[in-house]
S.K.: 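Supplied in C-alpha cells, the structure appears directly below.
What you are looking at is a predicted structure, and each value in this text was computed from that prediction instead of being measured. The residues of the chain are indexed from 1 along the displayed sequence.
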Amino acid sequence: MSSLLQAVDRLATSPAARTITRAWQGMSNLLIPNPCVLCAWDDAVQYQLCARCTALLKEQHAQVVQAQDFADSLPLNTVTGMALPVFASSFYTPEMSKLLLRFKDHQRVNAAGFLRPIVYRTLQHAADTLGYPYYRLVPIPASGASMRKRGYNPVTAMLPRPVPPTMLYDAGTLKTRWQLYNRSSHAGTGVQSRRDSSRKKFRVALRHNPAAEPVILVDDVLTTGATLAAATRTLESAGFDVVAAVVVATVVPRN
C-alpha cells in the first residue's frame with residue numbers, strides 16, 4: 001500500500017504533471033477568462049491576483065506604518081495632547097488604490113482574501129504595541145447608500161476570521177445615522193467636506209454591550225482622519241475608551 005501511495009505521489013509531483021496542470025489552467029482561462037484585477041494582463045492565480053502583482057503588493061505591506069502624523073483631523077488625547085494612534089498596513093500606493101477600488105466598487109470580493117492576513121498582522125502588531133490584555137474591535141459601519149450600492153461592507157469583508165485572540169469582535173455597537181441623502185463614498189471630496197459629512201455620521205446602538213475593553217477602530221483608508229474622529233467622539237460619549245485605529249492603507253499628504 002505504501003509503495004502504491006509513493007508511486008502516486010511521484011506521478012502527481014512529476015514535471016509532466018505540472019506541465020499538464022499549467023496547460024489545463026491556460027485552456028480554462030481561454031474558455032472562462034480570469035484576468036488579474038490589478039494588471040489585467042496575466043491570469044489570476046489566487047484572490048483574483050496574478051503571481052507578479054501578489055508579490056508586488058506583499059512587498060508594499062512588508063512593514064506596518066504608524067500613520068497618525070499623516071492626518072490632521074484625528075482626535076487628540078485630552079491628557080497627553082497626542083493624536084489617536086493609527087496603524088496602517090501600507091501606504092496608499094497606486095497599486096493599493098487600484099486594488100481597493102476594484103474590491104470596493106467593482107464587486108471583486110475575492111480580493112478580500114488577500115487583505116485578511118495583512119489586516120490580521122496589523123491588528124496583532126497594534127495589540128502588542130499598545131500592551132492592553134484585551135480589546136474590543138469595532139469596524140467602521142457602512143452607510144445605507146454604500147450598502148445599497150455594494151451589497152456588503154468592505155471593512156467587515158476584509159477583516160480576518162477569527163480575529164486575534166486578545167480581541168472581541170463587535171460590529172453591532174457603532175451604527176450610521178439615517179440620512180435622506182448620503183454619498184456612498186468619500187472619493188473626490190475635500191477636507192472640509194469630509195469633516196462636515198462625518199460630524200454627525202454615527203450613533204451608538206440602543207442595545208449594546210457595556211464599555212469594558214479598550215476599543216480599536218478598523219477602517220479601510222486613512223485620508224484626513226475625519227471618519228475615525230467622528231467614530232471616536234461617538235463611542236467616547238457613550239463611555240467607551242478608544243485607544244487606536246487600524247487601516248489597510250494611509251494617504252501621505254503631498255506637502
Side-chain angles (χ1 to χ4, degrees), residues 64 67-68 71 74-75 84-90 92 96 99-100 103-105 109 111-127 130 132 134-178 182 184-186 194 197-198 201-209 211-238 240-250:
V64 176
Q68 58 268 20
L74 289 171
L84 178 74
V86 180
F87 299 86
S89 302
S90 73
Y92 196 59
M96 273 303 299
L99 176 65
L100 290 173
F103 167 56
K104 294 169 61 175
D105 294 337
V109 186
F114 172 79
L115 298 172
R116 286 175 189 137
I118 294 172
V119 175
Y120 186 98
R121 185 201 62 179
T122 310
L123 290 172
Q124 190 62 61
H125 177 83
L130 296 171
Y132 293 95
Y134 295 100
Y135 302 89
R136 181 175 298 196
L137 194 62
V138 178
I140 297 297
S143 65
S146 174
M147 291 298 295
R148 287 190 295 273
K149 176 183 178 181
R150 300 177 177 131
Y152 60 95
N153 181 358
V155 177
T156 57
M158 70 184 184
L159 279 173
R161 299 291 191 277
V163 297
T166 59
M167 296 184 178
L168 172 66
Y169 179 64
D170 183 2
T173 295
L174 190 63
K175 302 289 186 180
T176 55
R177 293 182 182 274
W178 184 88
N182 193 14
S184 61
S185 173
H186 282 307
R194 289 170 182 262
S197 63
S198 299
K201 185 176 181 179
F202 302 110
R203 62 179 178 85
V204 174
L206 295 177
R207 296 181 180 180
H208 63 272
N209 295 324
E213 306 86 1
V215 172
I216 294 180
L217 297 171
V218 185
D219 203 0
D220 50 2
V221 179
L222 175 67
T223 307
T224 64
T227 298
L228 293 176
T232 300
R233 286 192 294 267
T234 301
L235 290 172
E236 289 184 343
S237 65
F240 292 88
D241 180 22
V242 180
V243 296
V246 166
V247 297
V248 174
T250 177

S.K.: To the nearest 0.5 Å, how far apart are CZ in F202 and CG in L235?
M.R.: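 Answer for the CZ-CG pair, F202 versus L235, is 9.0 Å.
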S.K.: Mind checking the OG1-NZ spacing from T227 to K201? Nearest 0.5 Å is all I need.
M.R.: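 Spacing of OG1 (T227) from NZ (K201) equals 4.5 Å.
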S.K.: Is atom OH of Y152 surrounded by more than 12 heavy atoms (other residues, nucleotides or ligands) closer than 6.0 Å?
M.R.: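 Yes, because the 6.0 Å sphere around OH of Y152 holds more than 12 heavy atoms from other groups.
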S.K.: Can you find a pair of side-chain heavy atoms, one from R150 and one from P154, that are under 4.5 Å apart?
M.R.: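 R150 reaches P154 side chain to side chain.
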S.K.: Can you tell me how far CG of L174 sits from CG of L217, rounded to the nearest 0.5 angstrom?
M.R.: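 So the gap between those two atoms works out to 7.0 Å.
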S.K.: Which atoms form the tightest heavy-atom contact between P165 and Q124, and what is the distance?
M.R.: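 For P165 and Q124, the tightest heavy-atom pair comes out as CD-OE1, 4.3 Å.
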S.K.: What pair of heavy atoms forms the shortest contact from M158 to D219, and how long is it?
M.R.: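 Heavy atoms of M158 and D219 come nearest at CE-O, 3.5 Å.
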S.K.: Flag the pair V243 / Y132 as yes when at least one side-chain heavy-atom distance between them is below 4.5 Å, and no otherwise.
M.R.: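 Yes. Closest side-chain heavy atoms under 4.5 Å.
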S.K.: Between L130 and Y135, does the side chain to side chain contact (heavy atoms under 4.5 Å, CB included) criterion hold? Intermediate values first, please.
M.R.: CA-CA 10 Å; L130 296 171; Y135 302 89; 3.4 Å; yes
S.K.: Would you give the length of the straight line joining atom NE2 of H208 to atom CZ of R136, rounded to the nearest 0.5 angstrom?
M.R.: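 The distance works out to 8.0 Å.
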S.K.: Please determine, by modelled atom types, if T176 and S143 share a side-chain donor-acceptor pair under 3.5 angstrom.
M.R.: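 Side chains of T176 and S143: no pair found under 3.5 Å.
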S.K.: Just so I know, are the side chains of V247 and T122 near enough to count as touching, which here means a heavy-atom distance under 4.5 Å?
M.R.: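 SC-SC contact between V247 and T122 ruled out.
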S.K.: Counting distance only, does the side-chain N/O of T234 pair as donor-acceptor with the main-chain N or O of A230 below 3.5 Å?
M.R.: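 Such a contact is found between T234 side chain and A230 backbone.
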S.K.: Is any side-chain heavy atom of M167 closer than 4.5 Å to one of I216?
M.R.: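 Yes. Closest side-chain heavy atoms under 4.5 Å.
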S.K.: Starting at CD of E213, measure out to OG1 of T166 and round the result to the nearest 0.5 Å.
M.R.: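 So the gap between those two atoms works out to 10.5 Å.
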S.K.: Over all heavy atoms of both residues, which pair between A67 and L222 is shortest? Give the atoms and the distance, please.
M.R.: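 A67 and L222 have their closest heavy atoms at O-CD2, 3.5 Å.
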S.K.: Do L115 and F103 come close enough that some side-chain heavy atom pair is under 4.5 Å?
M.R.: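 Side chain of L115 against side chain of F103, heavy atoms only: contact under 4.5 Å found.
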S.K.: To check you understand the geometry: which heavy-atom pair defines the closest contact between P164 and Y120, and what is its length?
M.R.: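 Shortest heavy-atom separation between P164 and Y120 comes out as N-CE1, 3.6 Å.
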S.K.: Give the minimum heavy-atom separation between S89 and R121, together with the two atoms involved.
M.R.: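 Heavy-atom minimum between the residues: O-NH2, 3.8 Å.
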S.K.: Does any part of the side chain of L123, heavy atoms only, come nearer than 4.5 Å to the side chain of L137, both counted from C-beta?
M.R.: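 When only atoms from C-beta onward are counted, L123 and L137 do touch, with a gap below 4.5 Å.
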S.K.: Taking the side chain as everything from C-beta on, heavy atoms only, tell me whether I140 gets closer than 4.5 Å to L228.
M.R.: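 Result yes, sub-4.5 Å side-chain heavy-atom pair found.
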S.K.: May I ask you to decide if the ring planes of H125 and F87 are parallel, tilted or perpendicular, using 30° and 60° as cut-offs?
M.R.: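 Correct class here is perpendicular.
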S.K.: When you measure from the centre of the six-membered ring of Y169, is the NZ or CZ of R161 under 6.0 Å away and within 45° of the axis?
M.R.: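 Satisfied, under 6.0 Å and within 45°.
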S.K.: Provide the closest heavy-atom pair for G225 versus L74 in the form atom of the first, atom of the second, distance.
M.R.: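 Closest approach of G225 to L74: CA-CD2, 3.8 Å.
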S.K.: I'd like to know whether L84 forms a side chain to side chain contact (heavy atoms under 4.5 Å, CB included) with V242, so could you lay out the CA-CA distance, the side-chain angles of the two residues, the decisive distance to 0.1 Å, and finally the verdict.
M.R.: CA-CA 8 Å; L84 178 74; V242 180; 4.0 Å; yes
S.K.: Got N153 and M147 here, is their nearest side-chain heavy-atom distance under 4.5 Å?
M.R.: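 Yes, side chains in contact.
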S.K.: Using atom types as modelled and distance alone, determine if a side-chain donor or acceptor of E236 lies under 3.5 Å from a backbone N or O of D241.
M.R.: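 No, the answer is negative, given that no donor and acceptor are paired below the 3.5 Å cut-off.
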